[in-house]
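Here the structure comes first, spelled out in structure tokens, and everything after it is commentary.
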Amino acid sequence: MPEVYNWQLGRQMSYPYEEAHPNLQFAFVFNINRCIACQTCTMACKSTWTFAKGQEYMWWNNVETKPYGGYPHNWDAKLLSMLEKENPGKQVWKANGKGPTKPYGTFEGKTVFETADKHISADGGQRALGYIPSDEEWQSPNIHEETANGPVRKKDVWGDSVQLPEHRVWFFYLQRICNHCTYPACLAACPRNAIYKRPEDGIVLIDQGRCRGYRKCVEACPYKKPMYNPATRISEKCIACYPRIEGKDPTLSPDGAPLETRCMSACVGKIRLQGLVEKTSSGEWAKAPDSPIHFLVREREVALPLYPQFGTEPNGYYIPPRWAPRSYLTQMFGPGVDHALEQYCCPDRELLAVLQLFRATQQIIFRFKIKKGSKVTEIENTLPSGEKKVQEIFNDTVIGYNKLDKEVVRITVEEPTFERSKKHHVNSI
Ligand code: SF4
Ligand code: SF4
């Protein structure tokens with residue numbers, strides 16, 4: 001198998017195809033701390049793309065409750081166990097030796113591609129370790145919603161569960177869509193070459209004309225995001241709302257500037273920020289410190305990939321929840337969790353301004369600028385490490401620009417309030 005560079009693992013890894021990278025890559029940051037699990041994103045996607053016969057069970061966007069929930073059930077725990085069985089006791093990170101091309105250190109274990117070797121049959125069968133979920137596992141998409149983990153409580157005794165940095169009783173919501181991975185396992189596994197990654201934006205699509213419904217993509221995707229349609233007998237997956245990315249909505253984008261997907265632009269909790277990341281021919285992220293996604297993922301490293309150890313280099317990044325156990329979060333997001341949370345719990349001036357851009361416009365923001373404002377206050381914060389830090393808050397204004405370098409959003413750190421004129425707006429009684 002060819003060797004490719006996976007920066008999230010900090011090393012070369014085996015992948016069935018030679019390296020090839022798009023000019024721009026669809027990417028997103030989800031801030032778990034802000035999600036209210038309203039499922040507006042889920043319904044925005046469902047009502048746009050998956051309302052036909054055979055798609056009843058399809059939730060291309062879903063929001064599950066961790067640690068027990070998952071769609072399909074236990075998708076992540078199951079694959080983690082399979083990987084552990086293939087490489088017992090060695091699925092570990094070497095977190096020291098970080099550098100610009102390996103921000104999380106090096107993953108010393110094996111990926112879904114590297115553990116599939118011995119399962120390859122004569123016809124080149126399995127190219128990524130995986131499994132096909134059963135019909136039962138595809139039932140109850142929001143199973144275990146808001147079921148907490150923690151010590152068993154005695155009746156009417158609540159104990160000291162609400163204490164940062166980690167709560168003794170905890171759960172959190174995990175928002176999931178296809179990660180439009182740099183090294184997609186779905187694409188690697190397809191024997192019909194029906195899956196492709198677009199060079200213009202890195203979106204991963206299934207060619208509906210070529211697919212024969214062998215479900216190799218369903219088996220191989222670690223995140224279980226391709227889904228088989230029993231009515232058409234072919235597989236389908238999230239298409240990243242590509243007409244919106246192409247700026248084809250004449251009402252919202254008359255000048256053709258790229259728009260965020262439906263799930264991103266419908267988010268009530270303002271937890272989602274989408275971007276198109278510029279890449280070099282070697283697959284590196286081009287330096288772009290004024291791109292909000294680049295700033296959060298590569299400059300500040302406050303947003304982290306979901307299960308980077310699977311090896312697909314997913315392009316979805318998460319700001320981890322402050323209150324969940326670090327060991328659980330480290331297994332899910334890699335060794336960058338402590339660093340990410342130290343910053344998020346006491347954001348400096350620039351980070352606080354960029355955090356305002358989440359879901360502030362439907363246009364994809366390519367560049368931001370900060371206009372300095374006056375100091376509002378100071379707060380003393382205790383960081384997860386126990387260190388005390390004074391946070392200075394300034395009423396800065398952050399301005400976002402779209403692909404055409406046109407200003408599309410201007411927002412202040414302090415939320416403005418307006419008093420309505422009594423003359424024109426009499427309250428009802
Ligand atoms: S719309 Fe936003 S806040 Fe609501 S569930 Fe989805 S991600 Fe969470
Ligand atoms: S998340 Fe799964 S379906 Fe999406 S690109 Fe990655 S491997 Fe393919």
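Atom set for the values below is all heavy atoms of this structure, side chains included, hydrogens, waters and symmetry mates excluded. Counting starts at 1 for both ligands and their atoms, following the listed order. It should be emphasised that the depicted structure is a prediction, and the values quoted were computed from it without experimental measurement.
By the criterion of a heavy-atom distance under 4.0 Å, the backbone of His180, and not its side chain, is placed next to ligand 2.
Scanning the protein for heavy atoms near atom 2 (Fe) of ligand 1, the closest one is Cys267 SG, 2.4 Å. Looking only at heavy atoms of the protein, atom 7 (S) of ligand 2 is closest to Ala185 N, 3.4 Å. Counting protein heavy atoms only, atom 8 (Fe) of ligand 1 is closest to Cys35 SG, 2.4 Å. The protein heavy atom nearest to atom 5 (S) of ligand 2 is Cys181 N, 3.4 Å. For atom 4 (Fe) of ligand 1, the closest heavy atom belonging to the protein is Cys38 SG, 2.3 Å.
Every atom of ligand 1 with a heavy atom of Gln175 under 4.0 Å away is listed here by number and element: 7 (S). Residue contact check: Ile271 has heavy atoms under 4.0 Å from atoms 7 (S) of ligand 1. Atoms of ligand 2 lying under 4.0 Å from at least one heavy atom of Tyr223, given by number and element, are 1 (S). Of all atoms in ligand 1, numbered sequentially from 1 with element shown, those under 4.0 Å from a heavy atom of Arg272 are 7 (S). The contact set between ligand 1 and Gln39, taken as ligand atoms under 4.0 Å from a residue heavy atom, comprises 4 (Fe), 5 (S). Those atoms of ligand 1 that come under 4.0 Å of a heavy atom in Ala37, given as number and element, are 5 (S), 8 (Fe).
Counting only N and O atoms by type, the side chains of Gln309 and Thr111 include no donor and acceptor under 3.5 Å apart. Between the side chains of Glu313 and Thr182, at least one donor N or O sits under 3.5 Å from an acceptor N or O. Glu64 and Trp75 share a side-chain donor-acceptor pair at under 3.5 Å. Side-chain N/O atoms of Gln25 and Lys197 include a donor and acceptor closer than 3.5 Å.
With Lys403 as reference, Leu24 is the one residue of Leu276, Leu24, Ile364, Ile365 to meet the side chain to side chain contact (heavy atoms under 4.5 Å, CB included) rule.
With ring centers used as reference points, Tyr183 lies 6.0 Å or more from Phe113. Aromatic pair Tyr68/Phe171: ring centres not closer than 6.0 Å. The aromatic ring centres of Tyr228 and Trp138 sit 6.0 Å or more apart.
Atom 6 (Fe) of ligand 1 has an N, O or S atom of Cys41 under 2.8 Å away, backbone or side chain. Among the backbone and side-chain atoms of Cys221, an N/O/S atom is found under 2.8 Å from atom 2 (Fe) of ligand 2.
For Asn179, the closest heavy-atom approach to ligand 2 falls below 4.0 Å.
Between the side chain of Lys102 and the main chain of Leu9, no donor-acceptor pair closer than 3.5 Å is present.
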